[in-house]
Colleague: 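One structure coming up, written as structure tokens, with questions to follow.
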Amino acid sequence: MRIPLWLEMRGRRVLVVGGGSVGTRRALMFLDAGAEVKVVAKEFSEKLREAAAKNNRLTLVEGDAGNKEFLRPLVEWADIVVVATDNELVNSRVWELAKKARKWVNDATSAERTEIVVPYSGEVYGGGLRVAVTSEGKTGVAARHALHRIIKCLEEDKELRMLYEAMRRLKPVLKKHVAVAKQRVPIYYEVEEQILPLIQQGASLEEVLETMANYLEKRLRQLGVEADKQHLLGELKQA
């Protein structure tokens with residue numbers, strides 16, 4: 001049973017076994033996410049060599065990944081092990097070592113064996129919303145096309161974009177004035193009910209924010225928080 005998660009990679013260690021095209025993509029992906037990455041291979045792609053020369057979080061380890069004694073300390077070092085060679089015997093040995101060491105495994109060569117799935121991903125609204133799609137190894141082609149369609153649909157949805165922009169501004173303002181989370185959560189839903197009809201009617205962001213400020217002033221005072229509509233409106237505009 002796999003569940004979708006977004007993982008913070010800064011400070012994490014990733015071992016990539018394989019220096020070819022797949023290993024290169026995986027290594028650079030984790031590197032870009034902030035991880036410390038080691039790539040084990042007999043040969044490395046030019047992209048890996050260039051990246052290693054520029055970034056001290058990427059280390060290229062030349063050696064035989066089929067040698068368990070050579071590989072074991074590298075597996076022990078890692079939080080995540082990526083299997084990405086074209087040698088099934090080597091891939092199986094790496095997978096076995098990683099499993100025995102209770103490491104998370106991304107096996108790029110086997111959808112059934114992998115524990116971490118690398119999906120097709122993209123973003124909308126200037127990176128405010130991120131989307132990921134996977135078929136879990138059944139068909140990457142369909143998953144890639146699905147991602148493109150989802151992104152296109154979201155980008156063209158003016159109502160959703162407005163709702164995103166309004167609620168994005170609300171969160172830091174509400175957290176500033178209401179410290180207790182269980183008091184904030186109902187207000188998010190209440191504000192949504194207040195502004196959604198306006199958005200559906202084509203209201204401007206200015207009109208939506210003014211409605212939010214009006215409601216927040218009343219709601220915050222019910223919680224014993226001194227609030228002024230104009231001040232709240234200014235905070236929402238600046239958020």
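Residue indices begin at 1 and follow the sequence shown.
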Colleague: Measure the spacing between CD of E155 and CG of L129 and express it to the nearest 0.5 Å.
Modeller: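 Interatomic distance, E155 CD to L129 CG, rounded to 0.5 Å: 9.5 Å.
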Colleague: Check for me, please, whether V14 and W77 land in the same ILVMFWY cluster - side-chain distances under 4.5 Å, paths through other members count.
Modeller: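 Cluster IDs for V14 and W77 differ.
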Colleague: Are V185 and L196 joined in one hydrophobic group, where the rule is that I, L, V, M, F, W and Y side chains link up if heavy atoms are under 4.5 Å apart?
Modeller: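 V185 does not cluster with L196.
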Colleague: Going only through I, L, V, M, F, W and Y residues with side-chain contacts under 4.5 Å, is there a path from L232 to V208?
Modeller: yes
Colleague: At their closest point, which heavy atom of A51 faces which heavy atom of L28, and how far apart are they?
Modeller: CB-CD2, 3.7 Å
Colleague: Do V40 and V82 sit in one hydrophobic cluster, given that two such residues count as connected whenever their side-chain heavy atoms are within less than 4.5 Å of each other, even indirectly?
Modeller: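 Each belongs to a different hydrophobic cluster.
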Colleague: How close do G122 and L147 get, counting heavy atoms only, and between which atoms?
Modeller: N-CD1, 3.9 Å
Colleague: Taking atom types as modelled and ignoring hydrogens, do the side chains of S92 and E88 form a donor-acceptor contact shorter than 3.5 angstrom?
Modeller: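 Yes.
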Colleague: Is there side-chain contact between R93 and L97, with at least one heavy-atom pair below 4.5 Å?
Modeller: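 R93 does not reach L97 side chain to side chain.
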Colleague: Taking all non-hydrogen atoms of both residues, which atom of F30 and which atom of I80 are closest, and how far apart?
Modeller: CE2-CD1, 4.3 Å
Colleague: Report, as yes or no, whether the 6.0 Å neighbourhood of atom CH2 on W104 holds more than 12 heavy atoms from other residues, nucleotides or ligands.
Modeller: no
Colleague: Applying side chain to side chain contact (heavy atoms under 4.5 Å, CB included) to L170 and L216, what does each step give before you reach the verdict?
Modeller: CA-CA 10 Å; L170 172 64; L216 280 178; 3.6 Å; yes
Colleague: Can you establish whether the number of heavy atoms outside R130 located under 6.0 Å from its atom CZ is more than 12?
Modeller: no
Colleague: Taking all atoms of both residues into account, what is the closest heavy-atom pair of A84 and A108, and its distance?
Modeller: CB-CB, 4.4 Å
Colleague: Given Y215, which partner from the list E190, Q194, E193, K229 fulfils the side-chain hydrogen bond (donor to acceptor under 3.5 Å, both in side chains) test?
Modeller: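 Result: among E190, Q194, E193, K229, E190 is the only option passing the side-chain hydrogen bond (donor to acceptor under 3.5 Å, both in side chains) with Y215.
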Colleague: Hey, is CG on N55 packed in by over 12 heavy atoms from elsewhere, all under 6.0 Å?
Modeller: yes
Colleague: Is it the case that more than 12 heavy atoms not belonging to E50 sit under 6.0 Å from its CD atom?
Modeller: yes
Colleague: Please step through side chain to side chain contact (heavy atoms under 4.5 Å, CB included) for the pair I187 and L223, ending with a clear verdict.
Modeller: CA-CA 11 Å; I187 298 176; L223 295 174; 3.9 Å; yes
Colleague: Just verifying a value: how many Å separate R49 CZ and T24 OG1, rounded to the nearest 0.5 Å?
Modeller: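 Rounded to the nearest 0.5 Å, the CZ-OG1 separation comes to 10.5 Å.
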Colleague: To the nearest 0.5 Å, tell me how far L205 CG sits from R161 CZ.
Modeller: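 Here the rounded value is 12.0 Å.
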Colleague: Please name the residue in the list K103, K99, R2 that meets the salt bridge (charged side-chain N to carboxylate O under 4.0 Å, His left out) test with E115.
Modeller: K99
Colleague: Does the side chain of V17 come within less than 4.5 Å of V83's, by heavy atoms?
Modeller: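 No, too far: nothing below the 4.5 Å cut-off.
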Colleague: Please lay out, stage by stage, how M167 and I195 fare under the test side chain to side chain contact (heavy atoms under 4.5 Å, CB included).
Modeller: CA-CA 10 Å; M167 298 302 289; I195 67 173; 3.9 Å; yes
Colleague: Using 4.0 Å as the upper bound for N to carboxylate O, is an ion pair formed by R221 and E217?
Modeller: yes
Colleague: How long is the gap from CD on E123 to CD1 on I151, to the nearest 0.5 Å?
Modeller: 8.5 Å
Colleague: Treat each ILVMFWY residue as a node, draw an edge where side-chain heavy atoms are under 4.5 Å apart, and state whether V173 and L163 are in one component.
Modeller: yes
Colleague: With the side chain counted from C-beta on, respond yes when L174 and L220 share a heavy-atom pair under 4.5 Å apart, and no when they do not.
Modeller: yes
Colleague: May I ask you to say whether E165 pairs ionically with R169, meaning some side-chain N is under 4.0 Å from a carboxylate O?
Modeller: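 Counted as a salt bridge, because a side-chain N and a carboxylate O are separated by less than 4.0 Å.
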Colleague: Quick check: are there more than 12 heavy atoms from other residues, nucleotides or ligands sitting under 6.0 Å from CZ of R12?
Modeller: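 Count not over threshold, so no.
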Colleague: What distance do K54 atom NZ and L31 atom CG have between them, rounded to the nearest 0.5 Å?
Modeller: 11.5 Å
Colleague: State the CG-CG distance between N214 and L209, to the nearest 0.5 angstrom.
Modeller: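 Separation between the atoms: 11.5 Å.
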Colleague: For the CZ atom on R149, are there more than 12 heavy atoms of other groups (residues, nucleotides or ligands in this structure) within a distance under 6.0 Å?
Modeller: no
Colleague: Taking only residues two or more places apart in sequence, or in another chain, which ones meet E43 in a side chain to side chain donor-acceptor pair (under 3.5 Å)?
Modeller: none
Colleague: Can you name the ring pair (Phe, Tyr, Trp, His ring centres under 6.0 Å) partners of Y125, sequence neighbours left out?
Modeller: Y164
Colleague: Looking at L48, is its backbone amide N or carbonyl O close enough to the side chain of S45 to form a donor-acceptor pair, meaning the two atoms are under 3.5 Å apart?
Modeller: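 Checked: pair present.
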Colleague: Considering non-hydrogen atoms only, spot the tightest contact between R184 and V178 and give its length.
Modeller: NH1-O, 2.9 Å
Colleague: Any side-chain heavy atom of R113 within less than 4.5 Å of one from V105?
Modeller: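 Of all side-chain heavy-atom pairs linking V105 with R113, none is under 4.5 Å.
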Colleague: Report the C-alpha distance between L74 and K38 in whole Å, list the side-chain angles of each, state the deciding distance to 0.1 Å, and finish with yes or no for side chain to side chain contact (heavy atoms under 4.5 Å, CB included).
Modeller: CA-CA 8 Å; L74 293 168; K38 289 184 180 180; 4.2 Å; yes
Colleague: What is the minimum heavy-atom distance between F70 and G63, and which atoms define it?
Modeller: CZ-CA, 3.7 Å
